[in-house]
Amino acid sequence: MNFENILVETRGKVGLITLNRPKALNALSDGLFDDVGLALDAFEADEAIGCIVITGSEKAFAAGADISGMKDYGYMDAYKANFITRNWDRVARCRKPLIAAVSGFALGGGCELAMMCDMIFAADSAKFGQPEIKLGILPGGGGTQRLPRAMGKGKAMDMCLTARMIDAVEAERCGLVARIMPTATLLEETIVVAAGIAEFSLPVLMMIKESVNRSYESGLQEGLLFERRSFHAAFGINDRREGMAAFLEKRKPDFTNS
Ligand code: CAA
């Protein structure tokens, strides 16, 4: 797959998307998100792919929405083009596990893109921020909604109202980041984790992802009901039978994604 704004490759059962607009610190243009959407469509359609990683460069995961691309927008331009909803949200609708491997700047839409993924692995050099206020605008890719859910209202307000950047240690401490890794080995270590995930049963991974997202997006009772229904449904999956049989027979399971 050849794209203008991203590089796409597979590493075994892992699909890798590398944001590739180095001159603009991977600023997130409309075209870039069209490319990401097409790559995700292809990885989701490919039975051999069990986990997807999105990464950037060592200096920048992404420095936010492309400011030059939107500087002349009026309200009607943004509204009629369905800006952000049209293509950015494809990332949040991905059904397969999705890891953001973040090195350097993850600002504005870059931080929001990372939060659309299921978890963020950060290099020790990573810096997260929502600096939109400095441009006279607010976060529009989910920052005011996903940040408070990840780190609580006070920290989210601190980031959005002051434009302060936080480093990887603070981001992990407040729950935004799942793991911190050395910058030099971030991608390879992330791919090892993704490859481990991809060895599990894909339908069960998708059920777990749906269920955790339901917790994130709804109340406890609704979430528990959703989990219980998915848990019951998992008894109809061949891989559930295989996983339990393999444990009892002291052997490695042979999952068939069925
Ligand atoms: N959009 C367009 N171009 C960008 C960009 C962006 N978000 N961020 C960086 N660039 C470009 C710069 O214009 C510069 O281009 P030129 O070489 O042609 O001048 C190039 O990338 C390198 O950037 P800097 O020279 O600024 O690099 P630096 O190391 O001095 O600073 C930085 C790095 C702190 C990340 C700085 O570039 C910066 O502050 N970028 C903007 C961050 C920002 O405001 N992001 C929010 C965007 S709005 C948004 O995302 C809305 C939303 O919620 C959806």
Side-chain angles (χ1 to χ4, degrees), residues 3-7 17-37 40 54-94 98 100-117 120 122-151 153 155-171 176-177 183 186:
F3 295 99
E4 196 181 330
N5 304 290
I6 59 174
L7 304 172
I17 298 175
T18 304
L19 308 180
N20 188 34
R21 299 190 69 214
K23 287 188 187 139
L25 301 184
N26 293 330
L28 302 164
S29 61
D30 218 36
L32 181 143
F33 268 107
D34 284 343
D35 288 354
V36 168
L40 288 178
I54 299 186
T55 195
S57 69
E58 201 171 295
K59 176 157 187 197
F61 177 70
D66 190 329
I67 298 166
S68 52
M70 63 184 173
K71 71 179 185 344
D72 296 326
Y73 273 16
Y75 170 64
M76 270 304 137
D77 301 308
Y79 183 72
K80 288 207 277 194
N82 209 7
F83 182 36
I84 294 194
T85 313
R86 185 183 72 79
N87 47 8
W88 292 41
D89 284 357
R90 172 66 183 83
V91 178
R93 286 198 308 276
C94 181
L98 187 54
V102 174
S103 187
F105 297 111
L107 301 180
C111 185
E112 293 168 316
L113 168 60
M115 287 192 289
M116 286 180 197
C117 300
I120 302 173
D124 41 24
S125 65
K127 288 197 171 6
F128 299 85
Q130 298 290 160
E132 287 89 344
I133 186 65
K134 292 204 276 185
L135 301 171
I137 197 165
L138 62 149
T144 65
Q145 304 303 302
R146 291 195 175 95
L147 267 185
R149 283 169 170 76
M151 56 173 60
K153 175 183 159 187
K155 279 269 179 198
M157 287 287 192
D158 186 5
M159 287 181 69
C160 295
L161 296 179
T162 71
R164 180 172 78 86
M165 281 192 234
I166 62 172
D167 64 16
V169 171
E170 186 171 359
L176 179 64
V177 157
T183 301
L186 171 75

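Everything numeric here is computed off the predicted structure, so don't read it as measured data. Both counts, for ligands and for their atoms, begin at 1 and track the order of listing.
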Original post:
Is the shortest distance from a Lys or Arg side-chain nitrogen in Arg86 or Asp34 to a carboxylate oxygen in the other one below 4.0 Å?
Top reply: yes
Please output the side-chain donor-acceptor pairs of residues 138-147 that fall under 3.5 Å, not counting sequence neighbours, one pair per line with the distance.
none

**OP:** Select all protein residues for which some heavy-atom-to-ligand 1 distance is less than 4.0 Å, and list them by chain and number.
**Re:** Lys23, Ala24, Leu25, Ala27, Lys59, Ala63, Gly64, Ala65, Asp66, Ile67, Met70, Ile84, Trp88, Phe105, Leu107, Gly108, Gly109, Glu112, Pro131, Glu132, Leu135, Pro139, Gly140, Gly141
Subject >> Aromatic ring proximity Phe61/Phe105, centre distance under 6.0 Å >> reply: no
Subject >> Where Glu132 and Gly108 come nearest, the two heavy atoms and their spacing >> reply: OE2-CA, 3.1 Å
**OP:** Taking the side chain as every heavy atom from C-beta outward, state whether Lys155 and Ile166 have any pair of such atoms under 4.5 Å apart.
**Re:** no
Subject >> Closest non-hydrogen atom pair between Ile54 and Cys117, with its separation >> reply: CD1-SG, 4.4 Å
